[in-house]
J.: 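Just dropping this structure here.
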Amino acid sequence: MNTGQVAKIAAAAACDVSYNQAANGHLVDLFATLPLPGTPEGREFWRELRIAGDHAVAYIDPANAGGPFFNYLINGNETGIAGRVLDFLGELDDSRRDAVTEVIGGALRDSTFPASGRYLGKLWLRDAETTAWHVLLAGRRTHETQDDRERFLEAWSNR
């Protein structure tokens, strides 16, 4: 492997770290649009979400995840929140997902977003799912697949 190839691999790894940090920040921003735990609105929102999403909500519920949920980011476990978000969404069947969409959309509609609640709820879930996937994928590349990336670049450059 020559110096140029090593430089490309290093640049790609640096992009992954930056992207992972940005995606995690975006997950935090998504949760920040929801009613805050500990407030009257937040207590009502999370109660409704637990009813709508049943046991799946335990993955993201502040009563279960608590403060450490977002401390994962600070402590360097960037995939902790992403994994929990995907576990939450993966546990929802179609009817539960629709119910969760309504609850989240209702909360977003009551804030500053000027669209229908159902549509906003769908956007929030879709964005959370895609962003969590990006976090996991970028984290995987950074920590587990350096050799895979080198083989990939070598194979593609020889074609």
J.: Check whether Leu123 and Phe88 end up in the same hydrophobic cluster, where Ile, Leu, Val, Met, Phe, Trp and Tyr are linked by side-chain heavy atoms less than 4.5 Å apart.
T.: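 Looking at the clustering, Phe88 is in a separate group from Leu123.
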J.: Which pairs with one or both residues in residues 128-138 pass salt bridge (charged side-chain N to carboxylate O under 4.0 Å, His left out), sequence neighbours excluded?
T.: Arg97-Glu129
J.: Can you list everything that forms a salt bridge (charged side-chain N to carboxylate O under 4.0 Å, His left out) with Glu44? Sequence neighbours excluded, please.
T.: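 Per chain and number, Glu44 pairs via salt bridge (charged side-chain N to carboxylate O under 4.0 Å, His left out) with Arg47.
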J.: Under 3.5 Å, is there a donor-acceptor pair between the side chain of Asp54 and the main chain of Ala56?
T.: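 Side chain of Asp54 to backbone of Ala56: no pair is present.
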J.: Going by the rule salt bridge (charged side-chain N to carboxylate O under 4.0 Å, His left out), which residues pair with Glu102 if we only count those two or more places apart in sequence or in a different chain?
T.: Arg118
J.: Can you list everything that forms a side chain to side chain contact (heavy atoms under 4.5 Å, CB included) with Asp29? Sequence neighbours excluded, please.
T.: none
J.: With sequence neighbours left out, write down each residue that passes ring-ring contact (aromatic ring centres under 6.0 Å, His included) with Trp124, or none if nothing qualifies.
T.: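 ring-ring contact (aromatic ring centres under 6.0 Å, His included) check on Trp124 returns Phe31.
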J.: Between atom CG of Leu92 and atom NE2 of His55, what is the distance when rounded to the nearest 0.5 Å?
T.: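 The CG atom of Leu92 sits 8.5 Å away from the NE2 atom of His55.
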J.: Taking all non-hydrogen atoms of both residues, which atom of Trp46 and which atom of Pro35 are closest, and how far apart?
T.: NE1-O, 3.5 Å
J.: Looking only at non-hydrogen atoms, find the nearest pair between Val85 and Ala128 and report the distance.
T.: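 Answer, listing the atom of Val85 first, then Ala128: CG1-O, 3.9 Å.
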J.: Tell me the closest heavy-atom pair linking Leu34 and Phe45, and the distance in Å.
T.: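 Closest approach of Leu34 to Phe45: CD2-CZ, 3.9 Å.
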J.: Could I get the full list of salt bridge (charged side-chain N to carboxylate O under 4.0 Å, His left out) partners for Arg151, not counting sequence neighbours?
T.: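 Arg151 satisfies salt bridge (charged side-chain N to carboxylate O under 4.0 Å, His left out) with Asp148 only.
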J.: For Asp87, which residues count as a salt bridge (charged side-chain N to carboxylate O under 4.0 Å, His left out) partner, sequence neighbours excluded?
T.: none
J.: Ser95: which residues meet the side chain to side chain contact (heavy atoms under 4.5 Å, CB included) condition with it, sequence neighbours left out?
T.: Asp93
J.: To the nearest 0.5 Å, what is the distance between CD1 on Ile104 and CD on Glu48?
T.: 11.5 Å
J.: Closest approach of Leu30 and Thr33, non-hydrogen atoms and distance?
T.: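 Leu30 and Thr33 have their closest heavy atoms at O-OG1, 2.6 Å.
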J.: Mind checking the CG-CG spacing from Asp98 to Leu125? Nearest 0.5 Å is all I need.
T.: 9.5 Å
J.: Ignoring hydrogens and geometry, is there a side-chain-to-backbone donor-acceptor pair from Arg84 to Ile60 under 3.5 Å?
T.: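 Absent.
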J.: Do you know which two heavy atoms are closest between Val100 and Leu49, and how far apart they sit?
T.: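 Closest heavy-atom pair between Val100 and Leu49: CG1-CD1, 3.7 Å.
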J.: Find the distance between OG1 (Thr101) and CZ (Arg126) and round it off to the nearest 0.5 Å.
T.: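 Atom-to-atom, Thr101:OG1 and Arg126:CZ are 9.5 Å apart.
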J.: Test of understanding: with side-chain hydrogen bond (donor to acceptor under 3.5 Å, both in side chains), list the residues that count as partners of Glu41, not counting sequence neighbours.
T.: none
J.: How does the hydrophobic cluster around Ile51 look, that is, which other residues are in it when side-chain heavy atoms under 4.5 Å mark a link?
T.: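 Hydrophobic cluster check, Ile51: no partners found.
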J.: State, to 0.1 Å, how close Thr131 and His26 come at their nearest heavy-atom pair, and which atoms those are.
T.: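 Minimum heavy-atom separation between Thr131 and His26: OG1-CD2, 3.2 Å.
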J.: Got a sec, which residues hit side chain to side chain contact (heavy atoms under 4.5 Å, CB included) with Ala99, two or more places apart in sequence or on another chain?
T.: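 Scan of Ala99 (side chain to side chain contact (heavy atoms under 4.5 Å, CB included), adjacent residues dropped) gives Ala52.
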